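The model shown is predicted, which means the values in this text are computed figures rather than measured ones.
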Amino acid sequence: MDHFAVSGDEAGRSRGRTGAARPGFAGQLKFLTRRGRFPRVPLERPPDAVEHVARQAGVAASGLAFYDFTSRAAKRHRSGLRDPTGWRECTETDLVKLVSHLVDVIWHDERREEQARAELLRQMRAEAIEPPTAAQGDTILCSALRQADERAVAEPSVCLVRAEGCARRLDALVFTAPTGDGPAQADATAQDDEDDVGSVLADVEALPGSVSLNSLLDEISRLKQVRAAGVPEKAFAGSA
C-alpha cells in the first residue's frame, strides 16, 4: 500500500483513459518509481499491487489482463511518464559516463562482476536512468572491468617506474637465479632466458616447509630478497 498508492497528481495523469489503460498506466508509473524501471512482462507485477492499483483506478483487476505491455499504447504511456517523473532512457552518452563511473569506483577495491553490476544499477537509479538491455548491461560491465584491471596495473606501474632502480631490481627478482643471499645485488643485469635459471621470485613464493632453524633462515633470506627490491610503500596505496 505504501509503494503502490496512487497520489492525486498521479491519478490526474491517468484520467481520460478507459478500460485497462487507466490501471495499466498507473501500474507502470508506480512500478517505475518503486523498481527504477518499467515492467517487462505482466508477471513482474505483484498480484496484491495489481489489485490495489486497479481498486484505486475504479476498475476490476482482471481487466489488466488485457493491457499489453508491448503495444503502442503502452509505449506511449511510458513516453508520457518519463518527463513528469524525471526518468529517461539510457543514451550512448550515459553508457560512456556509466563506464567511467564504474571504473572510478571498482578499480581499487571491488572487481567482482556481481558487485559491479549492483553498483551500476545503483548509479542508474540515482541518476534516474532506466536500465539498458541485458546486452548493453553486459557491454558496460565488460568494458568497465577491463578498464579497471588496466588501471589497477597502470597506476602502481607508474610509481614503480619513477622509483630509481626499482624496475631493474624487480626484473632481477624474476630473471635472476637465487643466490641464497637475496638480490642485494639486484641491480645485476637480468637474464634473457628465464628457463635457464631459477627465479628469485619463484624461490620467494616457495612453501616454507617444516619449521626448523634452516627453514627460518630461508624465510629471513626471502624477506631480505623482497626488501632488496625497494618497492615504494605508496606504489599500491588505494589498492585492495
Side-chain angles (χ1 to χ4, degrees), residues 90-124 126-127 129 132 135-209 215-240:
C90 188
T91 65
E92 290 295 329
T93 301
D94 289 325
L95 293 177
V96 173
K97 290 181 178 179
L98 288 166
V99 170
S100 178
H101 167 79
L102 274 183
V103 174
D104 289 340
V105 170
I106 68 176
W107 79 267
H108 56 78
D109 186 26
E110 178 59 75
R111 296 200 296 281
R112 288 180 297 173
E113 182 176 335
E114 62 272 20
Q115 297 298 327
R117 190 181 298 274
E119 173 59 26
L120 171 62
L121 295 176
R122 187 205 66 76
Q123 182 64 16
M124 296 188 80
E127 296 187 19
I129 301 173
Q136 286 177 317
D138 290 341
T139 299
I140 293 173
L141 287 176
C142 288
S143 179
L145 291 169
R146 176 180 54 79
Q147 292 183 41
D149 284 339
E150 291 173 352
R151 185 169 173 181
V153 172
E155 297 211 0
S157 297
V158 171
C159 184
L160 295 175
V161 169
R162 289 176 178 172
E164 185 177 355
C166 185
R168 186 168 60 253
R169 292 190 295 272
L170 287 173
D171 280 343
L173 277 178
V174 179
F175 298 113
T176 303
T179 63
D181 297 323
Q185 305 97 358
D187 289 336
T189 304
Q191 301 295 323
D192 291 331
D193 189 354
E194 58 184 302
D195 294 331
D196 292 340
V197 295
S199 166
V200 174
L201 181 60
D203 182 53
V204 169
E205 292 180 330
L207 295 175
S215 65
L216 181 60
L217 293 175
D218 286 342
E219 290 303 300
I220 293 173
S221 175
R222 291 172 181 177
L223 287 174
K224 290 180 178 179
Q225 291 171 338
V226 172
R227 287 181 177 176
V231 176
E233 292 184 8
K234 64 179 181 179
F236 297 96
S239 296

Once you round to the nearest 0.5 Å, how far does [atom1] of [X] lie from [atom2] of [Y]?
{"X": "Glu92", "Y": "Lys97", "atom1": "CD", "atom2": "NZ", "result": "13.0 Å"}
{"X": "Leu217", "Y": "Arg222", "atom1": "CG", "atom2": "CZ", "result": "11.5 Å"}
{"X": "Gln115", "Y": "Ile106", "atom1": "CD", "atom2": "CD1", "result": "10.5 Å"}

Would you say the side-chain atoms of Asp218 and Ser215 include a donor-acceptor pair closer than 3.5 Å? no
Flag the pair [X] / [Y] as yes when at least one side-chain heavy-atom distance between them is below 4.5 Å, and no otherwise.
{"X": "Arg162", "Y": "Val158", "answer": "yes"}
{"X": "Glu113", "Y": "Leu141", "answer": "yes"}
{"X": "Cys166", "Y": "Leu170", "answer": "yes"}
{"X": "Ile129", "Y": "Thr91", "answer": "no"}
{"X": "Cys90", "Y": "Leu98", "answer": "yes"}
{"X": "Glu114", "Y": "Arg117", "answer": "no"}

The criterion is side chain to side chain donor-acceptor pair (under 3.5 Å); which residues satisfy it with Arg227, sequence neighbours excluded? none
Ignoring hydrogens, what is the shortest heavy-atom contact between [X] and [Y]? Give both atom names and the distance.
{"X": "Lys234", "Y": "Cys159", "result": "CG-SG, 3.8 Å"}
{"X": "Ala229", "Y": "Leu173", "result": "CB-CD1, 3.9 Å"}
{"X": "Leu120", "Y": "Gly137", "result": "CD2-O, 4.4 Å"}

Hey, mind stepping through Val231 and Arg169 against side-chain contact (heavy atoms from CB on, under 4.5 Å) and telling me if it holds? CA-CA 9 Å; Val231 176; Arg169 292 190 295 272; over 6 Å; no
Quick one: list whatever passes side-chain contact (heavy atoms from CB on, under 4.5 Å) with Glu119, sequence neighbours left out. His101, Leu102, Val105, Arg122, Gln123
Keeping the roles fixed (side chain from Thr139, backbone from Ala135), state whether a donor-acceptor pair exists under 3.5 Å. yes
When you measure from the side chain of Asp171 to the backbone of Arg168, do you find a donor-acceptor pair of N or O atoms at a distance under 3.5 Å? no
